[in-house]
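Predicted, not measured: the structure shown is a model, and the values here were computed from it. Both counts, for ligands and for their atoms, begin at 1 and track the order of listing.
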Amino acid sequence: MSSIARRVAGFGTTVFVEINDLARQCNAVNLGQGAPDFDGPPEVLAAAVKAINGELNQYAPGIGMQVLREAVAQHAERFYNQRVDWQTEVLITSGATEAVFAAILGLTDPGDEVIVFEPVYDSYVPNMAMAGVRPRYVPLRGDQWSFDPDELTRAFNARTRAIIVNTPHNPTGKVYSRQELSLIADLCRKHQVVAITDEVYEHILYDGMAHIRLATLPGMAERTVTISSVGKTFSVTGWKIGWAIGPADLVNAVNRAHQFITFAVASPLQAAAALALGLPVKYFEELQVSYQSKRNRMIEVFQQAGLRVLKPQGSYFIMADWRAVAPRHVQDDVQFARWLTTEIGVACIPPSAFYQESDKELGRYLARFAICKKDETLAAAAERFARLGKL
Ligand SMILES: Cc1ncc(COP(=O)(O)O)c(C=O)c1O
């Protein structure tokens, strides 16, 4: 007899764990996991240490510390001209991950539908399963990862309660355009649907792209929960400090779930996150310059090795089609990820993991590479990729 609950029985262990284990065994350069192998800004790290040594080690208020809620509101105004009342419109969570889960729990009922774009970040659908909510998938297709406006329009129906929009997008690097966001906004308004946005890569953009907050489009402030975190912007993914911004009634609904999931999140890290969000614009500009150079360099490495790159506009991932370089026995993305890890010594993620069963074909010939790595790590990967052409 298995004691595992039906609620989680279908989840299994992810292919990410398998590839990470394989990467370790083979001493491969790991471009699989989306975590930087370098540290965040020293002043931010120092602020956390100072807070711990300054006796900031007890529970924070469930809604979050004032200093961080104020910093989240100021950051929204500084970068997006988004006016946010820190007292009622900001909730601090354990990373964006908890914010999304709490938003689903707090804003949907069992039997509702939530629209997601595919490929879809891996926690959303299990979150929905635990909430008793059904995902409705709208695929992104082609080199631009566009969606079919008619398909999106048809996805909205009487059961639709929310839509999740992740921009910049993991795993594709797509940055939703104003035109695309406007269509989403029109449909949300028409069907009285809440938008939940995941914007954790908001500061990692290429080629002068601009990040647009769905909440800043006409009529969307009152129906959008904007979610982000410090993990990617400040290279501290282990901190798990995130937030949800939205009108007081929506934030209150998210908080009802949050208060019984984590209740409150790490006080000293909240203090340091507040300092991080207030760093001068120069920090954010330099982050972009650094990622732009990593992206350009790795696009060249992949192309020289014979991969077909689907150029990302944001995030720290690059998707590439591997068909021209893989040996004949490699037939799908999972086999390619295993082969690249064991034979070439570079780990990547097979993107079919981001698709529902019936759409896995859409990710079959692709690999996702994370480029949030030190230049020497990328150089080691480049050296190994040079072997590809010689096999
Ligand atoms: C799209 C997306 N959302 C959320 C997260 C996790 O964010 P956090 O660490 O703040 O929970 C990630 C991390 O990979 C991500 O790619």
Side-chain angles (χ1 to χ4, degrees), residues 14-17 19-20 30-37 40 44 64 68 71-72 75 90-105 114 116-128 135 140 145 163-176 195-205 211 213-214 225-245 254 257-258 261-262 265-266 269-270 272-273 276-277 291 312-319 347-351 353-355 363 368-373:
T14 66
V15 67
F16 308 108
V17 176
I19 297 293
N20 269 330
N30 195 342
L31 302 189
Q33 208 178 24
D37 66 350
V44 174
L68 181 53
V72 167
H75 170 271
V90 181
L91 169 71
I92 306 303
T93 58
S94 180
T97 312
E98 193 224 346
V100 171
F101 187 37
I104 291 170
L105 286 172
V114 174
V116 287
F117 294 94
E118 224 181 8
V120 55
Y121 180 61
D122 61 330
S123 67
Y124 305 160
V125 174
N127 284 172
M128 290 179 207
L140 302 171
W145 299 104
I163 181 169
I164 304 183
V165 182
N166 166 217
T167 182
H169 184 250
N170 174 8
T172 66
K174 172 189 177 68
V175 174
Y176 284 69
I196 300 168
T197 66
D198 178 343
E199 308 184 14
V200 296
Y201 300 102
E202 62 187 300
H203 288 292
I204 304 177
L205 300 159
H211 171 69
R213 283 208 157 156
L214 184 57
V225 175
T226 304
I227 290 170
S228 192
S229 74
V230 292
K232 320 289 173 173
T233 304
F234 302 101
S235 309
V236 287
T237 58
W239 284 18
K240 303 296 293 181
I241 300 291
W243 51 85
I245 303 171
V254 181
H258 161 80
I261 305 176
T262 54
V265 300
L269 302 183
Q270 288 195 49
L277 282 172
Y291 272 117
Q313 302 168 308
S315 86
Y316 48 47
F317 302 109
I318 297 180
M319 290 273 258
C348 63
I349 289 295
F354 298 91
Y355 289 91
R368 188 199 77 176
F369 298 96
I371 56 156
C372 46
K373 309 294 169 184

What residues, two or more places apart in sequence or in another chain, satisfy salt bridge (charged side-chain N to carboxylate O under 4.0 Å, His left out) together with Lys373?
-> none
Residue list, side chain to side chain contact (heavy atoms under 4.5 Å, CB included) with Thr197, at least two apart or on another chain | Val165, Glu199, Leu214, Thr224, Thr226
Contacts of type ring pair (Phe, Tyr, Trp, His ring centres under 6.0 Å), residue Tyr176, not counting sequence neighbours = Phe117
Do you see a donor-acceptor pair shorter than 3.5 Å between the side chains of Thr167 and Lys174?
-> no
Identify, chain by chain and in numerical order, each protein residue with a heavy atom under 4.0 Å from an atom of ligand 1.
-> Gly95, Ala96, Thr97, Tyr121, Asn166, Asn170, Asp198, Val200, Tyr201, Ser229, Lys232, Lys240
Run the ring-centre check on Phe354 versus Tyr121 and record whether the distance is less than 6.0 Å.
-> no
Given the options Val125, Asn127, Val120, Ser123 meets side chain to side chain contact (heavy atoms under 4.5 Å, CB included) only with Asn127
